[in-house]
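A short worksheet on the structure shown next.
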Number of protein chains: 2
Amino acid sequence: MSSSGKPPITIYELATHLGVSTATVSSVLANRHVERRIAEKTAKRIREAALELGYVPNMAGRRLRSHKASTRQFDLAIFTSFEAPLPLVGQALHALQRAVDVQTTTHTRYSVAIEMFHAGRLAEKPGLLEADRYHGVMITNTLHEDDAFLAQAKLPYPVVVLGRSIAGYCCVLEAPDLVGRHAVELLLGAGGQHLTVLRGRSLTHTTSNRLAAFKHTARELTGHEPIELVSEGLQPSQGAAAIDAHLAGGGKVDGLFSVTDSLTIGAYQTLKRRGYAVPDDVAVVGVGDNELAEYFDPPLTTVAGANDAMVAEAVPLLFRYLRGEKGIPQEVLTTPPVLVRASTLRRRAGQSDRGEG
Amino acid sequence: MSSSGKPPITIYELATHLGVSTATVSSVLANRHVERRIAEKTAKRIREAALELGYVPNMAGRRLRSHKASTRQFDLAIFTSFEAPLPLVGQALHALQRAVDVQTTTHTRYSVAIEMFHAGRLAEKPGLLEADRYHGVMITNTLHEDDAFLAQAKLPYPVVVLGRSIAGYCCVLEAPDLVGRHAVELLLGAGGQHLTVLRGRSLTHTTSNRLAAFKHTARELTGHEPIELVSEGLQPSQGAAAIDAHLAGGGKVDGLFSVTDSLTIGAYQTLKRRGYAVPDDVAVVGVGDNELAEYFDPPLTTVAGANDAMVAEAVPLLFRYLRGEKGIPQEVLTTPPVLVRASTLRRRAGQSDRGEG
DNA sequence: GTGAAAGCGCTAACAT
DNA sequence: ATGTTAGCGCTTTCAC
């Protein structure tokens, strides 16, 4: 209530309002009024006025004044979309934090934060274009709109972009086309004929490349277009629904690639419920963006998910920026690892005739 | 290199070092030198000196100076341990961000960050005791040592603690004992006799309560002590290893409760590999801290995991603090939801005689 | 028991 | 093409 409508207020205004000095207000607000021997009555008046007028301390002012001059502070952040799954972010955060733990000295302190924006609306994030908050950031989980915004805006501080290529920024991403290609090859190798790709409605740079490469390679190697299933979102239930609708409509599936593992989880559920065995009836390939892929039943073959590799590249790049180095690469490609697990290891030869729903 | 050993340097020092004014330095460093018509040569000298002397801008100074006086900024954070799984944090972050999105006005801006500390070493986190960084924080995933530290330190800004009770703080946590009790009841209901509890080596407030309540209730209802399996860590592989060792040694299991779902994932793997069927040979109960519990095979019955409920309580509490309200509850208990799924729904009657390894 | 004043590091308006 | 200066909001000596 008090802290909303009105414009913000400073201790100076509090002080004049009450007819006391800013020093008095400050000490009371910092709970130092005892050692300053402020009258309890005055302290009470000050606290009440602060509440009533909706006083909110200005942290920049506080920090500027009270920080030891001998401490250099680096404020780092990871920007990620609100809607994205957290694993990549978690890894990035861990890697950054680990790097920072090593670099911390008496004179140099670091803080690492995660900041979230709404997917596709990065441009609306306040303070993004000001250079007064972070010394450096990593950005990930952007959508096309965000990438377009970044390309045109050029943030005024060091940035390393994860998982997509944006002109003017240092970007770390998986080598293009490999993921989609490997997926097709694995599915064909497992005897798949009705190659199917499952993806969410909105695509990122990465997922759209995976999709395109899959379709292109499938066309090239099988001579016909693969089936493309689009789920409403990235929740398992939405993946389950997409497959279910396809099968219910008489569609066939014997080789499935999903560009996001949470969709695979839903697909597994639907397939099992409808009596399809993985991998014998349907071979499945995922991308490894769920850290539990190995524990799926059956364990999921994955063709990407080099998050740790990407992050391992990105963190040193950010530090090179912070150090002011020149000649930092604009694009670093990591090779996505292929992890073959049971979901593409067909036990019996020949392909099944399942799939007529 | 340049930014390490030496004490930090300001634009003032840069300026005197170069024989120019601070304004010149500032404008060059902010890339405003074009509109200020600084000689390219001077700009170059300044940039080089900044690099060489390891200049790092002081963000507090920048913000203080350049922020619009009409903007009130709230800096909020979630503190979590580095080692903890991210789901709870993710939910907390989402809930906070959502609350913040609603509250944002022209005059009031919010920023939400995640900050990590190393489990058990919260006390070492620099700046924790200073009130010059955050207006309010939520703390979660602490260990005993951290709780002890917090209880004795009393942070000088609004704090809401998630998932544990610490004297002197506003805490939101699941109602005690219910989780362990429900787990026992469900396992017994599914025909379990050799009640077993699986937990990681280090316990939090929450997991130790779950464990204690489980053991106590099991004793009460069965007349004997349940089996307690301790895994080295919380990784699925470590859970798998713990169960495997037990079974390899001739131990029996027909009713398993795991105080952390990632351990359940590993347990599922071992049980399947050794030919035990869930739930027919072994009923399993988890706690719902993995958002995919519903997609496990079979879907996992859970007796806790009201993360969203906890967070839903915690966020408004934090805002009440920020508003300066009095009489904020010190302890809010949420009722953990029981979600019965296939992992405790035994299809055939009677209990199996499996379990001799 | 309280006030006055200096100044943290930085930027921007106004001077040349 | 660059220097001077006035603060941003706050805490902390020092003075009374």
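Small disclaimer: the values here were computed from a predicted structure and weren't measured. Chain letters run A, B, ... following the sequence lines, proteins first, then strands; residues in each count from 1.
- Checked against salt bridge (Lys or Arg N to Asp or Glu O under 4.0 Å), Arg133(B) has the following partners two or more places apart in sequence or in another chain: Asp75(A), Glu115(B).
- No donor-acceptor distance shorter than 3.5 angstrom exists from the side chain of His107(B) to the backbone of Pro8(A), with no hydrogens or angles considered.
- Ser27(A) contributes a side-chain N or O that, together with a main-chain N or O of Thr24(A), makes up a donor-acceptor pair within less than 3.5 Å.
- With His94(A) contributing its side chain and Phe82(B) its backbone, the two residues share a donor-acceptor pair below 3.5 Å.
- A donor-acceptor pair under 3.5 Å links the side-chain atoms of Thr104(A) to the main chain of Val100(A), judged by distance alone.
- Atom CG in Leu18(A) sits about 15 Å away from atom C1' in dG3(C), given to the nearest Å.
- Contact annotation: Tyr12(B) does not reach the phosphate of dG3(D) (side-chain N/O to OP1 or OP2, under 4.0 Å).
- Under the 6.0 Å distance and 45° angle rule, Lys154(A) counts as a cation-pi partner of Tyr169(A).
- Here the C1' atom of nucleotide dC10(C) and the CZ atom of Arg133(A) are 17 Å apart, to the nearest Å.
- Remark: Thr42(A) is in phosphate contact with dT2(C), judged by side-chain N or O atoms under 4.0 Å from OP1 or OP2.
- Listed pair Ser26(B) / dT11(C) meets the phosphate criterion, a side-chain N or O lying under 4.0 Å from OP1 or OP2.
- Phosphate proximity of dT12(D) to Arg32(A): present, with a side-chain N or O under 4.0 Å from OP1 or OP2.
- The phosphate of dG3(C) (OP1 or OP2) has a side-chain N or O of Ser21(A) nearer than 4.0 angstrom.
- At whole-Å resolution of the value, CD1 in Ile11(A) and P in dG7(D) are 17 Å apart.
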At a cut-off of 3.5 Å, list every protein nitrogen or oxygen paired with a nitrogen or oxygen from nucleotides 5-7 of chain C, distance to 0.1 Å.
{"unit_1": "dG7(C)", "atom_1": "N2", "unit_2": "Arg65(A)", "atom_2": "NH1", "d": "3.1"}

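- No close placement of the Tyr157(A) and Tyr134(A) rings is indicated, their centers lying 6.0 Å or farther apart.
- Rounded to an integer number of Å, the gap from CG of Asp132(B) to C1' of dT12(D) is 15 Å.
- Taking atom CD1 of residue Ile38(A) and atom P of nucleotide dT11(D), one finds them 13 Å apart after rounding to whole Å.
- A distance-only check finds no donor-acceptor pair linking the side chain of Glu124(B) to the backbone of Arg121(B) [under 3.5 Å].
- For the pair Glu130(A) CD and dC8(D) P, the computed distance is 19 Å after rounding to whole Å.
- Nearest to the side chain of Pro57(B), among dC10(C), dT2(C), dT2(D), sits dC10(C).
- Counting to the nearest Å, the P atom of dC10(C) and the CZ atom of Arg36(B) are 16 Å from each other.
- Arg62(B) has a side-chain polar atom (N or O) that falls below the 4.0 Å cut-off from OP1 or OP2 of dT11(C).
- In terms of phosphate contacts, Thr24(B) brings a side-chain nitrogen or oxygen within less than 4.0 Å of OP1 or OP2 of dG3(D).
- Rotation axes derived from the C1' atoms of the five outermost pairs at either end of the helix from dG1(C)-dC16(D) to dT16(C)-dA1(D) lie 40° apart, to the nearest 10°.
- With distances taken from any side-chain atom of Leu64(A) to the nucleotides dG3(D), dC10(D), dC8(C), the minimum falls on dC8(C).
- dG9(D) atom P lies 15 Å from atom CG of Leu53(A), rounded to whole Å.
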Requested in this report: Please step through salt bridge (charged side-chain N to carboxylate O under 4.0 Å, His left out) for the pair Lys44(A) and Glu48(A), ending with a clear verdict.
Outcome: CA-CA 6 Å; Lys44(A) 187 147 170 284; Glu48(A) 280 170 359; 3.5 Å; yes
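- Salt-bridge formation is not detected for the pair Arg47(A)/Glu52(A): no Lys NZ or Arg NE/NH1/NH2 atom is positioned less than 4.0 Å from an Asp or Glu carboxylate oxygen.
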